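Quick notes on the structure that follows.
Keep in mind that what you see is a predicted model, and the values were worked out from it rather than measured.
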Amino acid sequence: MMSFRDPIDKRSPARCIRDRDYSARAQANAGSEPRDPFWWSAVLAMRAAFAARPGAKLISVPLDGGSLSVSADGGWRASTPLPDDVAVQLDLYLPYCLSHPRGLAVAHIGQSLDGRIATENGDSRWITGEADLLHCHRMRALADAVLVGARTVRADDPQLTVRRCAGDNPYRVVIDPELSLTGRHGIFRDRAAPTLVVATREEHGDRQGEAHGCEILGVPRVGGTLDVSAIRTAPGDRGLSVVFVEGGGITISHFLEAGCLNRLQITVAPIIIGSGRPGVAFPGDRALDRALRPRVRRFDLGGDTLFDCDFDE
């Protein structure tokens, strides 16, 4: 009997099966070398196949001695029975392998039960657990570019590379309107992946190699801030169609408010901080009838819960 899943928009929005902890640290503690589960290589192969054949209606790749077939509308079928936990993992990641002719922007936030992504002094490591960290690395591996704001780079000095799972490093895109970051940050020194810097077009224009050796992408200002829609499309102009917006909360909120996110992943950890920096925050007093109501899928990530929010109609 074959395992089968309908396209994403036809499934129940509330499926919730616990994820196994495949993290490097958990496996190292168990006395084994870190390794990916068998299904992850099939996910990477599917992502590469759809990228190479964007007009394909159905693509099949090897999976555990059989095959995995995915249609352009997101439905998938395995030629051999799969454990429920593996089927749920495929449900989570296969939508991000499909072709996206108009591009895809997906953001991720890890927060507490009371909606905080950091304490008042900026401490945020780690609110969510190991399974969510692994998930972020998997999302990087499926993305063409990972995007963060200058505040995230200044506060966390992130590498933004794929280290906890197999996969290629995406481009790294840093929003730094005034080119305020210094060359001491790792993303400007490690040369682990190409790095682009988004700055104000009126002041900095498009220049190659003038921001710590990185290309500058000039974006116009709108109302005192950079044009979010222009930031959203700039990577696509360079063939980077899948953009993973990883932080911080202000950057993700700007993208969401501007309608420039296709999906938002919110991982909620079972802790209450009580005060601190919010995850999503819009300015002003918004009426309840203006609240965003996306389609939502739920997945357990260890002790955390991932809400995968879909804003596409």
Side-chain angles (χ1 to χ4, degrees), residues 1-22 35-106 108 131-132 134-144 162 165-168 170 241-244 262-265 267 294-301 305-313:
M1 190 172 87
M2 294 186 293
S3 299
F4 173 77
R5 288 294 190 278
D6 291 326
I8 178 175
D9 59 349
K10 296 180 181 178
R11 293 198 299 271
S12 165
R15 299 187 69 253
C16 186
I17 298 178
R18 183 165 301 280
D19 181 23
R20 291 181 181 176
D21 189 354
Y22 291 107
R35 63 186 184 277
D36 290 303
F38 71 90
W39 53 266
W40 180 243
S41 60
V43 171
L44 292 178
M46 191 64 68
R47 171 74 173 91
F50 270 107
R53 300 167 53 196
K57 301 299 183 182
L58 182 72
I59 289 179
S60 297
V61 299
L63 175 66
D64 197 32
S67 64
L68 172 68
S69 300
V70 179
S71 62
D73 63 0
W76 65 266
R77 187 185 300 266
S79 63
T80 58
L82 297 175
D84 283 346
D85 66 303
V86 172
V88 171
Q89 296 282 13
L90 296 178
D91 280 345
L92 173 56
Y93 292 110
L94 287 178
Y96 296 103
C97 298
L98 305 177
S99 300
H100 302 282
R102 293 182 296 175
L104 179 75
V106 52
H108 176 274
D132 188 48
L134 172 59
H135 169 72
C136 283
H137 281 248
R138 287 174 176 164
M139 290 301 301
R140 292 174 187 174
L142 296 179
D144 297 313
V162 178
C165 64
D168 295 331
S241 63
V242 180
V243 178
F244 184 44
N262 303 97
R263 305 178 86 107
L264 172 62
Q265 299 176 346
T267 301
R295 295 191 300 274
V296 176
R297 303 184 300 160
R298 294 201 305 268
F299 300 88
D300 280 359
L301 295 180
T305 301
L306 170 68
F307 294 84
D308 188 9
C309 307
D310 184 355
F311 295 97
D312 285 341
E313 297 181 356

With sequence neighbours excluded, what pairs up with S99 under the side-chain hydrogen bond (donor to acceptor under 3.5 Å, both in side chains) test?
none
Separation between CZ of R47 and CG of L98, rounded to the nearest 0.5 Å
9.5 Å
Of all heavy-atom pairs between V242 and H100, which one has the smallest distance, and what is that distance?
CG2-CD2, 4.2 Å
Under 3.5 Å donor-acceptor, W40 side chain and A166 backbone
yes
Are the side chains of D308 and V296 in contact, using a 4.5 Å heavy-atom criterion?
no
Could you check L104 against V243 for side-chain contact (heavy atoms from CB on, under 4.5 Å), going step by step and ending with a plain yes or no?
CA-CA 6 Å; L104 179 75; V243 178; over 6 Å; no
Can you list every pair that meets salt bridge (charged side-chain N to carboxylate O under 4.0 Å, His left out) and has a residue in residues 95-106, with sequence neighbours left out?
none
L44 side, atom CG; L142 side, atom CG - distance, nearest 0.5 Å
6.5 Å
Exercise: identify the closest heavy-atom pair between F244 and A143:
CB-CB, 3.8 Å
Distance in Å, T80 OG1 paired with L82 CG, rounded so as to fall on 0.5 Å steps:
5.5 Å
Can you find a pair of side-chain heavy atoms, one from Y96 and one from R263, that are under 4.5 Å apart?
yes
Counterpart residues, ring-ring contact (aromatic ring centres under 6.0 Å, His included), relative to H135 (two or more places apart):
Y93, H108
Quiz: residues 48-70 side-chain donor-acceptor pairs under 3.5 angstrom, not counting sequence neighbours:
unit_1	atom_1	unit_2	atom_2	d
S60	OG	S69	OG	2.6

Residue pair P294 / F311: nearest heavy atoms and the distance that separates them
CB-CE2, 3.6 Å
In this structure, CG of L92 is separated from CE of M139 (nearest 0.5 Å) by 7.5 Å
Do the side chains of V43 and R138 get nearer than 4.5 Å, heavy atoms only?
no
For H137, enumerate each residue passing the side-chain contact (heavy atoms from CB on, under 4.5 Å) test, keeping only those at least two apart in sequence or located in another chain.
R140, R163, R164, C165
Donor-acceptor pair, N262 side chain versus A105 backbone, under 3.5 Å?
yes
